[in-house]
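One-based numbering, in listed order, for ligands and for the atoms of each. From a predicted model like this one, the values you see are computed outputs, not experimental measurements.
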Amino acid sequence: MRIDVIALFPEIILPALQVGILKRTQDAGNLTINVHNLRDFTADRHQTVDDYPYGGGAGMIMKPEPLFTAVRTLSRDSTARVIYLTPQGTPFTQSLAEALSLESHLLLICGRYKGIDERVRMKLVTNEISIGDYVLSGGEIPALVLIDAVGRVLPRALGDYESAQGDSFSQELLDHPHYTRPAEFEGMTVPEALLSGNHEKITEWRHEQSLKRTAEQRPELLEKYQLTEEDIAYLDSQKPER
Ligand code: 9D3
């Protein structure tokens with residue numbers, strides 16, 4: 001996969017691409033990421049990227065010319081998905097990350113100021129994505145979130161799909177607690193089920209903990225999840241007495 005990013009602050013994005021899974025995926029040759037500065041696609045002496053809004057109001061708008069030049073330069077073949085990161089976009093999810101991981105070329109546009117000229121959105125943008133309902137100062141961090149989520153489901157090396165599989169499967173419920181050595185730390189012990197060596201018991205304990213956490217933190221996820229009789233009985237047993 002190839003990912004091009006158009007940003008006003010490439011330096012926000014670059015260091016995060018040099019470590020961990022994203023670095024390994026790039027080193028394996030399965031992902032090429034290029035981060036471009038929008039100012040490099042300007043044609044005027046002052047490298048102007050923004051201007052005042054028609055109709056007035058506070059804030060600036062990103063001018064169409066540098067964005068048209070950048071997208072046309074970076075997507076010569078015209079097969080790239082052109083994704084604009086915007087608070088007005090469709091919510092980013094694991095399933096969207098997995099769908100995007102099947103593309104061969106993504107071109108990400110990071111906004112700053114109040115947003116981009118509408119003609120860029122109409123003529124060039126194929127997808128608009130938001131990472132959640134909170135206000136950030138630009139699209140660079142959202143682009144990094146998207147790259148991280150998409151990059152980690154790409155194969156790092158041949159036959160390296162299991163971990164990503166496990167992730168999407170476990171998205172239905174929240175993860176259970178984890179413990180490692182020592183068996184006792186500052187008076188806190190590891191749950192007996194995990195020390196039992198009984199794999200059925202361990203699996204049951206983990207599943208119950210996932211149900212409990214999901215009920216506490218994300219009850220709306222349980223509405224889509226097919227609860228068994230045993231699941232319902234367990235959750236009922238966790239409710240405080242009246
Ligand atoms: C005045 C209306 N604001 C929109 C909610 C203006 C505005 C605020 C923040 C315009 C752009 C931004 C910068 N944010 C992004 O570029 C952005 C973003 C976000 O703020 N939250 C979640 N996802 C995203 S994706 C891009």
Side-chain angles (χ1 to χ4, degrees), residues 1-17 21-22 31 33-42 47-75 80-103 105-154 167-168 171 217-218 220-221:
M1 171 181 279
R2 170 181 163 192
I3 303 178
D4 286 286
V5 187
I6 302 169
L8 277 168
F9 297 107
E11 63 270 32
I12 295 175
I13 301 170
L14 286 168
L17 309 178
I21 290 177
L22 283 179
L31 177 61
I33 307 173
N34 287 299
V35 188
H36 309 271
N37 193 322
L38 182 62
R39 289 200 195 274
D40 295 340
F41 299 94
T42 55
Q47 300 190 302
T48 313
V49 293
D50 62 336
D51 205 341
Y52 297 93
Y54 275 115
M60 302 295 275
I61 309 301
M62 291 171 76
K63 292 171 64 63
E65 300 93 325
L67 284 165
F68 268 83
T69 302
V71 172
R72 284 177 174 158
T73 303
L74 299 172
S75 183
R81 256 190 201 282
V82 179
I83 298 171
Y84 173 42
L85 286 311
T86 167
Q88 283 75 52
T90 188
F92 191 54
T93 59
Q94 185 64 27
S95 72
L96 184 46
E98 285 167 20
L100 292 174
S101 77
L102 304 175
E103 298 284 337
H105 187 190
L106 305 180
L107 206 172
L108 309 182
I109 300 177
C110 306
R112 281 269 149 179
Y113 319 116
K114 302 226 92 172
I116 63 174
D117 187 282
E118 180 67 7
R119 291 162 292 192
V120 175
R121 202 184 65 77
M122 286 194 318
K123 271 277 166 63
L124 302 178
V125 171
T126 60
N127 299 59
E128 295 171 82
I129 296 177
S130 160
I131 65 161
D133 293 337
Y134 35 78
V135 183
L136 301 173
S137 45
E140 285 87 355
I141 290 170
L144 198 42
V145 167
L146 185 151
I147 293 168
D148 193 273
V150 171
R152 66 186 296 290
V153 298
L154 294 174
D167 285 349
S168 47
Q171 270 301 102
Q217 309 276 19
R218 299 286 304 276
E220 81 282 7
L221 292 181

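Taking distance alone, with nitrogen or oxygen atoms compared against 3.5 Å, Tyr134 approaches ligand 1 more closely than that limit. An N or O contact shorter than 3.5 Å is missing between Pro142 and ligand 1 by distance. Between Ile131 and ligand 1, at least one pair of N/O atoms sits closer than 3.5 Å.
In plain terms, the two heavy atoms of Leu124 and Leu67 that are nearest each other are CD1-O, 4.0 Å. Of all heavy-atom pairs between Ala143 and Leu85, the closest is N-CG, 3.9 Å.
Applying the side-chain contact (heavy atoms from CB on, under 4.5 Å) criterion to Pro64, with sequence neighbours excluded, gives Phe68, Asp117, Arg119, Val120. For Glu11, there are no side-chain hydrogen bond (donor to acceptor under 3.5 Å, both in side chains) partners two or more places apart in sequence or in a different chain.
Counting atoms of ligand 1 from 1 in the listed order, those under 4.0 Å from a heavy atom of Val135 are 8 (C), 9 (C), 20 (O). Each of the following atoms of ligand 1 lies closer than 4.0 Å to a heavy atom of Lys114: 1 (C), 10 (C). Near Tyr113, meaning under 4.0 Å from one of its heavy atoms, ligand 1 places the atoms 10 (C), 11 (C). Here is the list of ligand 1 atoms found below 4.0 Å of a heavy atom in Leu85: 25 (S), 26 (C). Close contacts between ligand 1 and Thr86 involve ligand atoms 25 (S), 26 (C) [criterion: under 4.0 Å to a heavy atom]. Taking every non-hydrogen atom of Ser130 and a distance limit under 4.0 Å, the qualifying atoms of ligand 1 come out as 22 (C), 23 (N).
Here the heavy atom of the protein found nearest to atom 13 (C) of ligand 1 is Leu136 O, 3.3 Å. In terms of protein heavy-atom proximity, atom 4 (C) of ligand 1 is nearest to Gln88 NE2, 3.9 Å. Shortest contact from atom 7 (C) of ligand 1 to any protein heavy atom: Pro87 CG, 4.5 Å.
The neighbour count for Ile141 CD1, taken as heavy atoms of other residues, nucleotides or ligands under 6.0 Å away, does not exceed 12.
Distance check, rounded to the nearest 0.5 Å: CD1 of Ile6 to CG of Leu108 gives 8.5 Å. Note that CD1 of Ile33 and CG of Asp4 are 10.0 Å apart. Values are rounded to the nearest 0.5 Å.
Atom 2 (C) of ligand 1 lies below 4.0 Å from none of the non-hydrogen atoms of the protein.
Heavy-atom distances between Phe92 and ligand 1 stay at or above 4.0 Å for every pair. Proximity of Gly132 to ligand 1 is established by a heavy-atom distance of less than 4.0 Å. At least one heavy atom of Ile129 sits less than 4.0 Å from an atom of ligand 1.
In this structure a side-chain-to-backbone donor-acceptor pair under 3.5 Å is present from Thr86 to Gln88. Formation of a donor-acceptor pair under 3.5 Å by the Ser75 side chain with backbone atoms of Arg72 is not found in this model. A donor-acceptor contact shorter than 3.5 Å is absent between the side chain of Arg2 and the backbone of His105.
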